[in-house]
J.: 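Here you go, one structure.
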Amino acid sequence: MTRSGTALLLLACALSARAAPVKTGVLRWGGDSAGGAPFVFQDPKDLAKTVGFEVDLAEALAAELGLKALFVQNQWDSLVPGLKRGDYDVVLNGLEITEDRKAEVEFSEPYYLTYEALTVRKNSDDIAALADLKGRRAGTLKGALAERLLARIAGVAVVGYDTQTMLYDDLALGRIDAVLLDHPAAVYYAIDPRLKNLPGRFGRMAYGAAIRKGDAQLLARVNAALARLMKSGRLREIYERWGIWNPVMAAAFVDDHPERRAEASAYAGYLAARGVRLGWRAKLAKYAGYVPLLAKGAVTTVELSLLAMGIAVVLGLALALMKLYGPMPVSALATVYVEVIRGSPLLIQLFLIFYGLPTLGIKLQPFTAAVLGLALNYGAYEAEVYRAGIQSIPHAQMEAAFALGMTRWQALRHIIIPQALRVVLPPTTNDFIALLKDSSLVSVITMVELTRVYGQLAGSTYDYMGIGILTALMYVLIGLPFVRLSRWAEARLAVERRPRIS
Amino acid sequence: MLVAKGLCKTFHGRQVLRGVDFEAGPGELIVIVGRSGCGKSTLLRCLNGLELFDEGSIRFGNLVLDGGRDDRKIRALRANFGMVFQSFNLFPHLDLLGNLVAAPMIVKGMSRKQAEAIALPLLEKVGLTGHARHYPGQMSGGQQQRAAIARALAMSPTVMLYDEPTSALDPWLVDEVFDVMRKLNAEGMTQIVVTHETRFAREVAREIVFMEDGGVVEKGAPEQIFNRPRDPRTIKYMSRFAA
């Protein structure tokens with residue numbers, strides 16, 4: 001599994017800092033359970049459970065080290081920055097050992113070796129090798145090694161996807177002509193009866209456990225433990241259980257024993273779970289079963305959004321007043337803040353706060369960083385809303401307050417702002433609804449909120465549509481009470497609309 | 001009591017006041033008349049510091065203001081004036097009583113009880129008892145302007161300034177506002193009024209000040225200014241009312 005090594009990742013890498021030593025008795029390991037089978041994923045049979053061959057590997061490794069394995073969820077793109085930040089001590093999640101990454105982290109000896117596999121529709125007999133893809137559309141995951149391999153062949157239209165499920169679905173539907181992807185992914189996702197996996201092996205990839213630079217002691221211990229697991233056959237057993245033992249591994253492990261050490265029971269269980277066809281009653285029961293997990297994510301979403309909006313409102317008002325009434329340097333400062341924050345992506349701001357600030361010695365908890373990031377960003381938007389609101393109140397109101405002896409601050413506080421409040425209530429509610437949904441971006445800093453839960457569930461059940469609709473509904477339901485509250489407040493404040501007396 | 005000397009003000013390159021002298025004694029009601037743009041509103045707004053002037057001085061008792069932006073001085077001067085605007089400018093988010101008690105509570109730090117003890121008799125004086133809980137948007141223009149007068153009085157000013165107080169009112173609502181001003185005049189309140197209503201000016205004013213082009217052309221008793229103006233500009237202006 002090699003996904004996007006984007007500019008963001010590099011930025012975050014460059015900024016992330018050194019951190020805490022290994023916690024006693026525990027091996028904290030990082031992975032992304034939305035990444036898909038068979039690496040680390042939610043068990044389709046019991047969605048609260050995280051399973052995968054790397055989960056088994058982590059447990060075996062921890063046992064070998066005399067520790068207890070503790071899984072830490074983080075978005076795949078952020079696994080390396082999170083490691084450097086010290087949120088966990090090892091990354092075990094299909095991290096390919098590449099030169100780029102070696103500059104950032106240490107890698108153990110490879111624990112798994114694989115290659116790219118080509119999948120086509122059953123009826124496409126004219127594709128057998130990469131060269132046959134000329135003039136056709138080939139799909140793969142964005143940023144995978146396969147994407148680079150495909151780019152080298154002239155005349156291939158390369159289509160990048162975000163999830164394995166959609167990739168192979170599109171192949172079955174005929175939107176693309178072939179898929180080139182890591183062999184384990186092909187084993188687990190190219191299971192539609194309309195598809196076939198070709199025997200060719202393309203390229204070679206080695207997955208290693210990533211460890212912070214300078215953590216030489218842990219690196220040595222992990223390498224030693226891996227060697228013992230390899231020698232005892234325990235590793236092969238895990239891979240066979242998951243159905244992903246391959247000839248390349250056999251050669252590398254010098255273990256070409258033809259006899260299986262274990263049945264592919266985990267793989268069979270996975271296939272059984274995927275193959276189940278449900279009646280509508282069972283389907284409803286299944287969706288009902290997702291609700292508690294989604295609701296847990298929704299609670300996080302609401303907590304985050306409410307706190308962030310509360311701070312954004314105060315910050316926005318302060319910025320608006322600075323802009324309108326501050327002396328030159330102060331109003332200029334507010335203008336610069338608004339333009340810079342509003343003009344740059346929230347995603348990058350979150351990265352800077354979470355992975356960048358530790359370089360300055362400020363290490364925030366994920367929740368704090370998420371609230372702060374959203375609040376600082378939305379504060380800039382609120383500032384403009386409140387500026388417009390304050391300016392919509394006729395200047396005569398300010399003059400009347402002055403004429404009665406009030407200072408500017410008194411006039412603002414008691415006369416202008418209370419009137420502007422009513423004007424800005426609808427756009428502020430608007431922004432809050434937008435914030436509810438934007439809060440899904442905080443999954444890049446390890447927060448598990450509603451959209452992240454959706455990703456985990458959909459990635460494990462392959463039901464992007466059904467769970468997607470369920471998730472969208474949850475967002476609407478979360479927002480509705482606040483919309484009602486805002487309408488009620490608006491009606492209460494709308495004094496002008498009170499009936500005229502004679 | 002109130003003496004302004006040589007007030008000059010330039011606004012966007014246009015001289016709106018060119019050396020205006022103005023005086024008002026205790027209990028006097030002075031009406032300023034003149035065409036729109038002659039500077040009469042600007043003069044009024046300079047008197048309580050809502051507008052800054054470039055040259056000249058304003059003396060009130062032993063307070064002297066000579067241009068410049070000294071906020072404390074301006075607010076000290078302003079505390080002696082109440083102002084009534086053409087468009088009432090009541091606070092629409094507060095009910096009538098709220099409008100009256102706001103400034104005493106905020107500026108003078110009174111308790112609500114103290115402020116209401118001042119406000120309720122004022123509501124009675126302007127004939128709005130029973131409207132205390134109504135909002136400005138629920139009242140007629142005449143009621144709103146009377147409320148605005150009461151609001152200004154709640155700060156116990158020495159001088160009341162009126163900037164075309166009846167211009168935004170239907171003709172049949174004008175008198176209810178002037179009646180309040182007559183009552184205040186009888187009580188000895190000093191009042192300076194910018195208005196186009198000659199009938200009121202003739203009847204109540206002690207002095208009429210006629211302004212044109214940023215300067216005072218002529219001032220005198222109503223009878224003299226309206227019936228026997230001396231300056232040709234005053235004659236021309238008044239001729240329109242003669243018919």
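In what follows, every chain begins at residue 1, and chains take the letters A, B, ... in the order their sequences are listed.
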J.: Within a reach of under 6.0 Å around CD of A:Gln365, are more than 12 heavy atoms found that belong to other residues, nucleotides or ligands?
T.: no
J.: Does A:Gln391 CD have over 12 foreign heavy atoms under 6.0 Å away?
T.: yes
J.: Using a 4.5 Å cut-off on heavy atoms from C-beta on, say whether the side chain of B:Leu94 contacts that of A:His414.
T.: no
J.: Of the listed residues (B:Ile106, B:Val107, B:Leu50), which shares the most heavy-atom pairs with chain A below a 4.5 Å separation?
T.: B:Ile106
J.: Between A:Ala403 and B:Met83, which heavy-atom pair has the shortest distance, and what is it?
T.: CB-CB, 4.0 Å
J.: Side chain, backbone, both or neither: which part of B:Arg151 has a heavy atom under 4.5 Å from chain A?
T.: both
J.: Rounded to the nearest 0.5 Å, what separates atom CG in A:Leu404 from atom CZ in B:Phe81?
T.: 14.0 Å
J.: Within a 6.0 Å radius of atom CZ on B:Phe11, are there more than 12 heavy atoms belonging to other residues, nucleotides or ligands?
T.: no
J.: About how many Å separate CZ of B:Arg72 and OG1 of A:Thr407, when rounded to the nearest 0.5 Å?
T.: 12.0 Å
J.: Within a reach of under 6.0 Å around CD of B:Glu55, are more than 12 heavy atoms found that belong to other residues, nucleotides or ligands?
T.: no
J.: More than 12 non-hydrogen atoms from neighbouring residues, nucleotides or ligands closer than 6.0 Å to NZ on B:Lys108, yes or no?
T.: yes
J.: Provide the closest heavy-atom pair for A:Ala400 versus B:Phe85 in the form atom of the first, atom of the second, distance.
T.: CA-CE1, 3.7 Å
J.: Show, in sequence, the C-alpha distance, side-chain angles and deciding distance for A:Met406 and B:Arg75, and conclude whether the side-chain contact (heavy atoms from CB on, under 4.5 Å) test is met.
T.: CA-CA 8 Å; A:Met406 291 186 206; B:Arg75 289 189 50 232; over 6 Å; no
J.: Which bit of B:Asn48 comes within less than 4.5 Å of chain A, counting heavy atoms only: side chain, backbone, both or neither?
T.: side chain
J.: Evaluate whether atom CZ of B:Arg35 has more than 12 neighbouring non-hydrogen atoms of other residues, nucleotides or ligands under 6.0 angstrom away.
T.: yes
J.: Quick one: pull up CZ in A:Phe402 and CD1 in B:Ile74 and give me the separation to the nearest 0.5 Å.
T.: 10.0 Å
J.: Under 3.5 Å, side chain of A:Gln397 to main-chain N/O of B:Leu90, donor-acceptor pair present?
T.: yes
J.: Return yes when atom NZ of B:Lys73 has more than 12 non-hydrogen atoms of other residues, nucleotides or ligands closer than 6.0 Å, and no otherwise.
T.: yes
